[in-house]
Every structure is written in C-alpha cells, then in structure tokens.
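What you see is a predicted model; the values in this text were computed from it and never measured.
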Amino acid sequence: PPTEGRPDVIIVGGGIGGLSTAFALAREGLRIRVLERAPEFGEVGAGLQIAPNCTRILDEYGLLDEAKELGVVPENMVMRDALDSRELIRLDLGDLERRYGFPYMVIHRSDLHAIFLRACRKAGVDLVTDQTVVDYENLGNTAGGARITLADGRTEEAPLVIAADGLRSVARQKLVGDDVVSSDYVAYRAAVPIDAVRDNGIAEKDVTVYVGPRCHFVQYALRGGDMFNQVAVFQSPKALAGQEDWGTPDELDAAFEGTCETVGKGIPLMWRDRWWQMMDRDPIDTWIHGRIALLGDAAHPPLQYMAQGAIMAIEDGWVLSRHVARLRAGAAAGSAVDWDAALAAYEAVRVEHCRRILTTARAWGELWHLDGTERLQRNAIMRGIDPAEYAFTDWVYGPTALFPDEEPPMFRPVPLASARIEEDEAAVSD
Ligand code: FAD
C-alpha cells in the first residue's frame with residue numbers, strides 16, 4: 001500500500017540505483033517514497049553485464065533466480081584485438097562462479113529494472129512518477145531531515161533524502177557544483193534477434209570484447225539467447241575538434257573501418273537513431289550533505305569500461321541498508337534509525353571503492369584504445385596474464401565491503417614498457 005503521510009526516506013530517481021535502494025531499505029521495514037521525473041518507470045538501452053559482486057546481492061534479495069530466467073549466464077569472457085581478432089585473454093565464467101560463489105551474467109537492462117520495480121511494489125514502496133525535483137535543502141540541524149521542491153512548487157520532507165538522479169543530478173549540481181567530464185568517446189547500442197547475426201562469426205555463449213585503436217566493440221547474447229547485444233564505442237573526431245554535434249553515424253562507420261570481419265559485420269546493425277556520448281565525473285570525497293545523500297551515478301558516474309556502473313549503484317543501496325540493520329540491531333526496539341551513523345558508515349566505505357572503479361575505468365579505456373607499438377605491448381601483456389590468478393578481479397568481484405578494512409587491495413597492472421612483442425606480431429603492426 002502507498003505510504004501514508006511522511007515517509008522515512010525520499011528517493012529521487014527511479015533508475016536501477018533508486019529502485020534497488022528503495023527495495024533494500026523497504027526490506028528493513030522503512031517507509032520509502034520514490035519520486036521519478038519520467039511519466040513511467042523504465043530503462044532505455046540494451047544489455048547490462050552483472051558480475052558476481054552484484055549477483056551475490058540479488059541472491060540475498062531473493063531476486064537472482066528471476067534474473068537468471070530472464071538473462072543469460074555466458075560461458076566465457078573473451079578479449080580480442082579488434083584489428084586481427086587474435087585472442088588476448090579468456091576468463092572461464094564457470095571457474096569465476098566457483099571462485100566467487102555467484103554467476104557473472106548478462107541481462108536486458110529493462111528486465112533488471114522491472115525486477116526491482118516488481119520487488120518494490122511487493123515491498124510496499126510508494127512509487128510516484130511525473131515528479132521532477134528541482135531543489136534540495138537541509139532542515140536546520142540534521143535531525144530535522146531534508147526537503148525537496150518539485151517543479152510545480154510543492155515540497156516534501158523526510159528524515160533522509162537520497163538523490164539517485166543520475167549523471168546530470170540536480171542534487172550534485174547544487175551540493176557539489178562540478179562539471180561532467182567528456183571522454184570524447186561515444187557508444188552505439190543494438191539488441192537484435194540472434195538470427196540476424198548467426199553468420200557473423202560470433203561466439204553466442206561468450207561475452208566478447210574487441211579492443212582496437214580508439215574504438216572497441218562488445219557482443220553477448222541476451223534474453224535466454226534469443227537476442228544479441230552489441231555495443232560499439234569510439235573516439236569522435238568531431239568531439240576532439242570541439243564541434244557540438246559529435247558522435248554521429250558517419251563517424252561510427254569511419255571509426256570501425258579496418259576492423260576484423262566479425263566487428264565489421266556487426267557495425268551496420270547498430271541503432272543509428274540514438275547514441276550515448278560517454279561522460280563521467282571526477283571522483284569526490286563527500287557524498288553526504290546533512291540529510292541529503294548522493295547515490296549511484298549521481299555520486300560516481302563512471303565510464304562504462306569496467307561494467308560496474310549499475311552494480312555500484314546496487315551495492316550502494318545494499319551497503320546503506322546493511323548499516324541500517326546493524327545499527328538497529330544494537331539500538332532499543334522501536335527507536336528511530338541513527339541516520340547520521342548509517343550515512344557516515346556508507347560514505348566511509350563506498351567513496352574509496354567507487355573512486356577506484358572510476359579511475360580504473362578511465363585507465364582501462366586508455367589501455368583498450370591503444371594504437372601502434374603500444375597496442376602490441378598491451379596485447380603481449382594481456383596474453384601473459386594468467387586468469388586463474390584472479391588478482392585483477394578479486395578487488396571488484398569479491399564480496400562488497402561494509403567497512404573500509406574489508407576493501408581488498410587494488411590490482412596494479414604491469415607497465416606497458418615491460419612487454420616483449422613477438423616478431424610475427426610486429427610484422428602485422430598497423
Ligand atoms: P540513472 O539510470 O541515470 O537513473 C536516474 C533516474 O533519475 C532516471 O530514471 C531519471 O529519469 C531520474 N531523474 C533524473 N533527474 C531527476 C529529477 N530532477 N527529478 C526526478 N527524477 C529524476 N553498468 C553496469 O553495471 N554494467 C554494464 O554492463 C554497464 N554497461 C553500460 C553501457 C553503456 C553504454 C552505458 C552508457 C552505461 C553502462 N553501465 C553499466 C552504467 C549504468 O548504466 C549506470 O551506471 C546506471 O544505470 C546508473 O543508475 P542510476 O540509477 O544511478 O542512474
């Protein structure tokens with residue numbers, strides 16, 4: 001049933017971050033209201049990779065079986081060179097599941113969003129659409145809570161307001177005031193019937209990433225294998241030249257000229273009526289401003305190269321809800337949530353983890369998009385990595401830390417200059 005009167009928490013934004021957090025907090029018995037700007041709850045885009053650090057949380061929520069039914073659990077994650085299609089590294093996702101206890105899977109983003117929407121409805125979350133929040137304000141000392149103002153001038157108050165309003169967050173603008181950072185890269189997406197790509201040399205059971213000079217291309221099956229997801233990402237010359245209208249379809253075709261056959265056959269299938277200019281923000285240390293908390297992309301929008309953006313948002317809500325549960329377990333029955341303590345604990349652990357993902361995603365992008373000798377050095381290093389060492393996945397795919405001392409050490413890759421390039425490869429250098 002919809003919440004009567006003042007909720008415990010107002011969440012602004014009903015994306016994957018807002019809805020998953022609403023569900024996590026509703027499970028703790030709190031009254032949650034979600035305010036979404038759009039006329040309907042939904043997601044645009046196509047596939048989403050969800051790694052074991054996310055499927056572990058879905059399992060705890062009782063939502064993993066539903067996600068597996070709607071998604072696909074691929075067999076391998078394979079990285080290839082986009083020019084000569086040589087294999088660089090292969091992760092056996094069965095081994096990965098054995099290591100982390102939970103699967104690496106892919107799902108249509110609207111399916112994952114719908115899973116959380118249904119879960120929120122069942123948990124009694126008050127879900128309201130057509131609500132554009134234009135302002136945020138703390139009410140006196142933190143105990144007073146916070147107030148939001150809607151576009152029509154109405155206001156609402158709660159002990160806690162969570163801003164999960166995405167990359168272009170109004171709350172982030174007001175409280176931090178930093179700018180988004182353009183990467184000059186743009187993403188094209190497509191989800192097509194599997195029959196449209198069967199003859200393209202695809203690996204239906206794998207997640208494949210082709211990395212190439214100033215571009216990369218991702219492929220995997222979706223919806224029980226009936227659909228095939230493709231993401232094409234490239235650096236826009238128009239963006240580099242400072243033009244407004246950058247990342248247009250003519251640039252897509254030019255960027256992938258000279259790539260291997262499978263990539264070349266995939267490019268004509270990309271959706272051409274919509275593209276995503278890739279932006280992130282610099283990491284920030286403060287996500288909590290009184291009783292206004294930033295969460296998900298509003299707090300830490302990444303470049304998507306680690307495929308952890310939606311996952312970080314889901315982890316944020318889980319961490320906050322675990323701290324609520326922990327603090328309540330130690331408090332007198334019926335007492336109010338100690339939000340100051342819960343928010344401090346949330347910020348203490350999440351800021352550093354997400355900073356690592358954001359900075360690694362930028363570095364990962366640079367590594368993927370290398371050209372010339374550096375490309376060959378990268379390939380040599382990638383081929384030399386033993387995936388069974390797990391040093392480069394443990395800090396991401398292991399259990400989500402609740403306290404800073406649980407955060408595993410970060411993986412530090414070996415320097416490019418240490419690579420030994422094989423002679424036959426140097427010969428095919430571009
Ligand atoms: P959003 O999804 O942006 O949701 C914000 C919500 O707030 C929206 O519903 C919006 O309408 C609403 N809103 C905004 N302003 C207001 C307002 N003023 N008032 C009320 N409501 C408002 N992540 C992964 O984990 N795995 C992947 O494989 C992956 N692949 C990606 C591929 C691409 C090409 C891209 C672009 C991203 C990818 N990501 C991936 C990242 C992921 O999509 C985002 O990090 C994630 O969706 C962020 O969720 P969010 O809920 O924080 O923000």
Does a donor on one side chain sit under 3.5 Å from an acceptor on the other, for [X] and [Y]?
| X | Y | answer |
| --- | --- | --- |
| W276 | Q304 | no |
| T393 | Y100 | yes |
| T248 | D250 | yes |

Pick out which of W364, Y210, Y305, F234 makes a ring pair (Phe, Tyr, Trp, His ring centres under 6.0 Å) with H216.
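The passing option is Y305.
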May I ask you to say whether [X] pairs ionically with [Y], meaning some side-chain N is under 4.0 Å from a carboxylate O?
| X | Y | result |
| --- | --- | --- |
| D199 | K265 | no |
| R291 | D340 | yes |
| D81 | R378 | yes |
| R322 | E28 | yes |
| R98 | D95 | yes |

Give, for atom [atom1] of [X] and atom [atom2] of [Y], the distance between the pair rounded to the nearest 0.5 Å.
| X | Y | atom1 | atom2 | answer |
| --- | --- | --- | --- | --- |
| W318 | H323 | CH2 | NE2 | 8.0 Å |
| L303 | L358 | CG | CG | 7.5 Å |
| R99 | D394 | CZ | CG | 4.0 Å |
| T129 | R37 | OG1 | CZ | 13.0 Å |
| I50 | I16 | CD1 | CD1 | 8.5 Å |
| N76 | L91 | CG | CG | 8.5 Å |

Do the non-hydrogen side-chain atoms of [X] and [Y] ever get within less than 4.5 Å of each other?
| X | Y | answer |
| --- | --- | --- |
| L19 | V125 | no |
| V319 | V349 | yes |
| E66 | Y61 | no |
| R109 | R189 | yes |
| M270 | W275 | no |
| D206 | P74 | no |
| M382 | L367 | yes |
| L93 | V73 | no |

Salt bridge (charged side-chain N to carboxylate O under 4.0 Å, His left out), that's the test. Do E352 and R356 meet it? Break it down for me.
CA-CA 6 Å; E352 174 58 18; R356 291 176 176 192; 2.9 Å; yes
Specify the closest pair of heavy atoms between [X] and [Y], including all atoms of both residues, with the distance to one decimal.
| X | Y | answer |
| --- | --- | --- |
| A123 | A26 | CB-CB, 3.9 Å |
| P404 | A348 | CG-O, 3.5 Å |
| L58 | A67 | CD1-CB, 4.1 Å |
| N53 | Q308 | ND2-OE1, 2.9 Å |
| L25 | V324 | CD2-CG2, 4.2 Å |

Assess the residue pair H369 and Y185 against the criterion (side chain to side chain contact (heavy atoms under 4.5 Å, CB included)); give the C-alpha distance rounded to whole Å, side-chain angles, the decisive distance to 0.1 Å, and a yes or no.
CA-CA 11 Å; H369 300 139; Y185 276 73; 3.3 Å; yes
Could you walk me through whether R198 and D195 pass salt bridge (charged side-chain N to carboxylate O under 4.0 Å, His left out), step by step?
CA-CA 5 Å; R198 279 236 160 85; D195 290 337; 2.6 Å; yes
For D126 and R31: C-alpha separation, side-chain torsions, deciding distance, then whether salt bridge (charged side-chain N to carboxylate O under 4.0 Å, His left out) applies.
CA-CA 8 Å; D126 186 11; R31 289 166 306 169; over 6 Å; no
What residues form a side chain to side chain donor-acceptor pair (under 3.5 Å) with Y346, not counting sequence neighbours?
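Partners of Y346 under the side chain to side chain donor-acceptor pair (under 3.5 Å) test: none.
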Which is it for R27 and E60 under the side chain to side chain contact (heavy atoms under 4.5 Å, CB included) test, yes or no, and what are the steps along the way?
CA-CA 11 Å; R27 283 175 88 225; E60 184 182 313; 3.9 Å; yes
Audit row: H289, Y136, ring-ring contact (aromatic ring centres under 6.0 Å, His included) steps and yes/no
CA-CA 10 Å; H289 298 259; Y136 294 75; over 10 Å; no
Could you please spell out the steps behind the salt bridge (charged side-chain N to carboxylate O under 4.0 Å, His left out) verdict for R362 and D282?
CA-CA 10 Å; R362 285 179 176 176; D282 291 332; 2.9 Å; yes
Determine whether a donor-acceptor pair (N or O, by modelled atom type, separation under 3.5 Å) exists between the side chain of N229 and the backbone of G47.
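Confirmed, N229 side chain pairs with G47 backbone.
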Which residue, V233, D371, D184, forms the side chain to side chain contact (heavy atoms under 4.5 Å, CB included) with R214?
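With R214 as partner, V233, D371, D184 yield a single side chain to side chain contact (heavy atoms under 4.5 Å, CB included), made by D371.
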